[in-house]
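Structure record follows, encoded as C-alpha cells.
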Amino acid sequence: MTDISVNTRMLGLKDVRVHVEDHGEGRPVVLIHGWPLSSASWAPQRQALVDAGYRVIAYDRRGFGRSDKPKTGYGYDTLADDLAGLLEQLDLRDVTLVGFSMGGGEVARYIARHGQERLRSVVFAAAVPPRMMQTPDNPDGPLTVAKATAMTAQLTADREAFFDGFTKDFFSANADGEVLVTEAERQQAIALCLQADKLAALEAMQSFGITDFRDDLELVTVPTLVVHGDADGIVPFEGSGKRTHEAIAGSELVLVPGAPHGLNASHPVEFNAALLAFLER
C-alpha cells in the first residue's frame, strides 16, 4: 500500500475559495462529490486509486464541506465553471472526471461549456443526468414535482431530521430497507451533510432537480463509464443511468446488483473494481 501524501489547500477561483485535497502522483482523476456531502465522501476510493498509480484530486463544491459558502452560484453553469477553474489553475490534462450523483451534472455541463480538450475520460456514478424532474417532455424523469416540493419543505423545516432520514434512504436498497453501511459510517455521512450551508443545500437541490442535461450528453465523445446500483432509490437507474448510457454512444455500463445510491461506500469493492478497470483501459 502506498502512503498518501496529501496536499490540502484552499484554491481561489473566480469568486469563491474551494477546499482541495491532492493525493498521490500519476494521471489525474478528479472526484466530484454528491449532494449534500463533501470530498470526504470519496474516502473509500482514494487509497485504491493512489495505490493504482493515479493522482487523486477531490474538492468540496462551493457551499459544502470546507469550501466558502457564498449566497449565490449554485446553478450548474457556475458549478461547471468552478470545475473548469480548478482544472486550469492546477493545469490538469489527460484528466478523468468522476461525478457522483449531483456531480455527474457538473461533468456534463463542464463538457458543454468548456469542451473536452483537458479530458481523457469521464465517469457518471449514480448520476442525475439526463434530467431528474418528470415533465411532459421528460416523462421518464425519476423525480416528481410533489417529491421535490416535499424534500424542500422538509429540509427547510428541520435539516437535522431531514439528513437523518435522507442518509437512511441513501444507503438502503430502493430507499426502503436495511441500511447497507455501518451506523458509524452513516453518522459520518450525516456530519458531512451538516457541514453544508442550508441555503446552498436548498439551491443545489433545486439545481439538480430541474436542470436538463440532455443536450449536454450529446456532446460527450470521450470514453465514458456509467456505474449505478440497481437498487438506487434516490436516483433510480431506469430514469438516469440507463438513459445516460443510451445517450452516449460507446459508453460502458456497470450495474451493481443490490447496490443503493451510496454504492461507493456500501459496495466499495465492486465500485472500485469497475472504476479501476475503466481507468486501465
(request) Report yes if some heavy atom in the side chain of Pro142 is under 4.5 Å from a heavy atom in the side chain of Gln134; otherwise report no. (result) no
(message) Could you check whether Glu106 pairs with Arg61 (Lys NZ or Arg NE/NH1/NH2 to Asp/Glu carboxylate O, under 4.0 Å)?
(response) yes
(request) Might you point out which heavy atoms bring Ile210 and Arg131 nearest each other, and give the distance in Å? (result) O-NE, 3.3 Å
(request) Answer yes or no: does atom CD of Glu160 have more than 12 heavy-atom neighbours from other residues, nucleotides or ligands under 6.0 Å? (result) yes
(message) I need the minimum non-hydrogen distance between Ala127 and His228, along with the two atoms involved.
(response) N-CE1, 3.8 Å
(request) Start with the C-alpha distance between Val254 and Val226, add both sets of side-chain angles, then the distance that settles side chain to side chain contact (heavy atoms under 4.5 Å, CB included), and finish with yes or no. (result) CA-CA 6 Å; Val254 175; Val226 176; over 6 Å; no
(message) Just checking Tyr76 against Phe213, ring centres under 6.0 Å apart?
(response) yes
(message) Is there a path of hydrophobic side-chain contacts, each under 4.5 Å between heavy atoms of I/L/V/M/F/W/Y residues, joining Ile32 to Phe64?
(response) no
(request) Identify whether the distance between the nearest side-chain nitrogen and carboxylate oxygen of Asp137 and Arg214 falls below 4.0 Å. (result) yes
(message) Measuring only between side-chain heavy atoms, which start at C-beta, is Asp68 closer than 4.5 Å to Asp15?
(response) no
(request) Any chance you could lay out the side-chain hydrogen bond (donor to acceptor under 3.5 Å, both in side chains) test for Ser101 and His261, step after step, and finish with the verdict? (result) CA-CA 8 Å; Ser101 193; His261 187 57; 2.9 Å; yes
(message) Could you check whether any side-chain N or O of Gln45 sits under 3.5 Å from a backbone N or O of Asn264, counting only pairs where one atom can act as donor and the other as acceptor?
(response) yes
(request) Starting from the C-alpha separation in whole Å, work towards a yes-or-no answer on salt bridge (Lys or Arg N to Asp or Glu O under 4.0 Å) for Asp22 and Arg9. (result) CA-CA 8 Å; Asp22 196 339; Arg9 71 190 85 174; 3.5 Å; yes
(request) Give the C-alpha distance, both sets of side-chain angles, the deciding distance and a yes or no for side-chain hydrogen bond (donor to acceptor under 3.5 Å, both in side chains) between His114 and Asp81. (result) CA-CA 8 Å; His114 299 279; Asp81 291 350; 2.7 Å; yes
(request) Report the C-alpha separation of Arg66 and Glu21 in whole Å, then their side-chain angles, then the decisive distance to 0.1 Å, and conclude whether the salt bridge (Lys or Arg N to Asp or Glu O under 4.0 Å) test is met. (result) CA-CA 11 Å; Arg66 294 146 289 186; Glu21 292 191 357; 3.3 Å; yes
(message) Quick check: do Arg186 and Asp164 have side-chain heavy atoms less than 4.5 Å from each other?
(response) yes
(message) Within the supplied structure, the quantity of interest is the number of heavy atoms (other residues, nucleotides, ligands) at a distance under 6.0 Å from Lys147 NZ; does it exceed 12?
(response) no
(message) For the NE2 atom of His23 and the OG atom of Ser39, what is their distance to the nearest 0.5 Å?
(response) 7.0 Å
(request) Spell out, as yes or no, whether a donor-acceptor pair under 3.5 Å connects the side chain of Thr211 to the backbone of Ser207. (result) yes
(request) Could you grab the distance from atom OG1 of Thr96 to atom CG of Leu49, nearest 0.5 Å is fine? (result) 9.5 Å
(message) Could you check whether any side-chain N or O of Asn272 sits under 3.5 Å from a backbone N or O of Pro44, counting only pairs where one atom can act as donor and the other as acceptor?
(response) yes
(message) Do Leu275 and Trp42 land in one hydrophobic cluster if side-chain heavy atoms of ILVMFWY residues count as linked below 4.5 Å?
(response) yes
(message) Can you tell me how far apart CG (Leu155) and CG (Leu202) are? Round to the nearest 0.5 Å.
(response) 4.5 Å
(request) Considering only NZ, NE, NH1 and NH2 on the basic side and carboxylate oxygens on the acidic side, decide whether Asp77 and Arg109 come within less than 4.0 Å. (result) yes
(message) Using the rule that Ile, Leu, Val, Met, Phe, Trp and Tyr join whenever any side-chain heavy atoms are under 4.5 Å apart, tell me whether Phe278 and Val29 fall into a single cluster.
(response) yes
(request) State plainly whether the residues Arg62 and Asp197 are in salt-bridge range, i.e. N to O under 4.0 Å. (result) no
(request) Provide the closest heavy-atom pair for Ala52 versus Leu276 in the form atom of the first, atom of the second, distance. (result) CB-CD2, 3.6 Å
(message) Strictly below 4.0 Å, N to O, side chains only: are Lys242 and Asp140 in salt-bridge contact?
(response) no
(message) Please give me the minimum heavy-atom distance between Leu92 and Leu86, naming the atom from each residue.
(response) CD1-CD2, 4.2 Å
(message) Could you check whether Arg281 pairs with Glu252 (Lys NZ or Arg NE/NH1/NH2 to Asp/Glu carboxylate O, under 4.0 Å)?
(response) yes
(message) Distance check, rounded to the nearest 0.5 Å: Leu87 atom CG versus Asp82 atom CG?
(response) 11.0 Å
(request) Using modelled atom types only, decide if a donor and an acceptor are shared between the side chain of Asp230 and the backbone of Leu255 within a distance under 3.5 Å. (result) no
(request) Can you label the angle between the Phe166 ring and the Phe162 ring as parallel, tilted or perpendicular, going by 30° and 60°? (result) parallel
(message) Quick check against the 3.5 Å criterion: does Asp232 have a side-chain atom that pairs as donor or acceptor with the backbone of Ile234?
(response) yes
(message) Any side-chain to backbone donor/acceptor pair from Glu280 onto Ala277? Under 3.5 Å, distance only.
(response) no
(request) Kindly say whether the aromatic ring centers of His267 and Phe271 come within a distance under 6.0 Å. (result) no
(message) Quick one: does any side-chain atom of Lys69 pair with a main-chain N or O of Ala200 as donor and acceptor, under 3.5 Å?
(response) no
(request) May I ask you to test the His19-Leu11 pair for a side-chain heavy-atom distance under 4.5 Å? (result) no
(message) Please confirm whether the ring centroid of Phe100 lies under 6.0 Å from the ring centroid of Trp35.
(response) no
(message) Counting C-beta onward and ignoring hydrogens, is there a side-chain heavy-atom pair between Thr149 and Thr144 closer than 4.5 Å?
(response) no
(request) May I ask whether Leu194 and Val181 are part of the same hydrophobic cluster, defined by side-chain heavy atoms of I, L, V, M, F, W, Y residues being less than 4.5 angstrom apart, directly or through others? (result) yes
(request) Decide, yes or no, whether a salt bridge links Glu183 with Lys168 under the criterion of side-chain N to carboxylate O below 4.0 Å. (result) no
(request) Taking the side chain as every heavy atom from C-beta outward, state whether Pro36 and Phe163 have any atom pair closer than 4.5 Å. (result) yes
(request) Begin from the C-alpha positions of Asp91 and Arg118 and carry the test salt bridge (Lys or Arg N to Asp or Glu O under 4.0 Å) through to its verdict. (result) CA-CA 9 Å; Asp91 194 23; Arg118 291 182 178 271; 3.5 Å; yes
(message) Using every non-hydrogen atom in the two residues, find where Arg120 and Val222 come nearest and quote the distance to one decimal.
(response) O-CB, 3.8 Å
(message) Any heavy-atom pair between the side chains of Leu13 and Gln89 that's under 4.5 Å?
(response) yes
(request) Would you kindly confirm whether Met102 and Val123 end up in one hydrophobic cluster when ILVMFWY residues are joined by side chain heavy atoms under 4.5 Å apart? (result) yes
(request) Taking only Lys NZ, Arg NE, NH1 and NH2, and the carboxylate oxygens of Asp or Glu, determine whether Arg113 and Asp216 approach each other closer than 4.0 Å. (result) no
(request) For a side chain to side chain contact (heavy atoms under 4.5 Å, CB included) with Gln116, tell me which candidate from Leu97, Val122, Ile111 qualifies. (result) Ile111
(message) Within the 4.5 Å heavy-atom criterion, are Val20 and Ile57 side-chain neighbours or not?
(response) yes
(request) Please answer whether the main-chain N or O of Phe170 pairs with a side-chain N or O of Thr167 as donor and acceptor at a distance below 3.5 Å. (result) no
(message) If we ignore hydrogens and angles and just use 3.5 Å, is the side chain of Asn138 paired with the main-chain N or O of Met133 as donor and acceptor?
(response) yes
(request) Measure from the side-chain N and O atoms of Ser38 to the backbone N and O of Leu192, and report whether any donor-acceptor pair falls under 3.5 Å. (result) no
(message) I need the minimum non-hydrogen distance between Pro260 and Ser172, along with the two atoms involved.
(response) CB-O, 3.3 Å
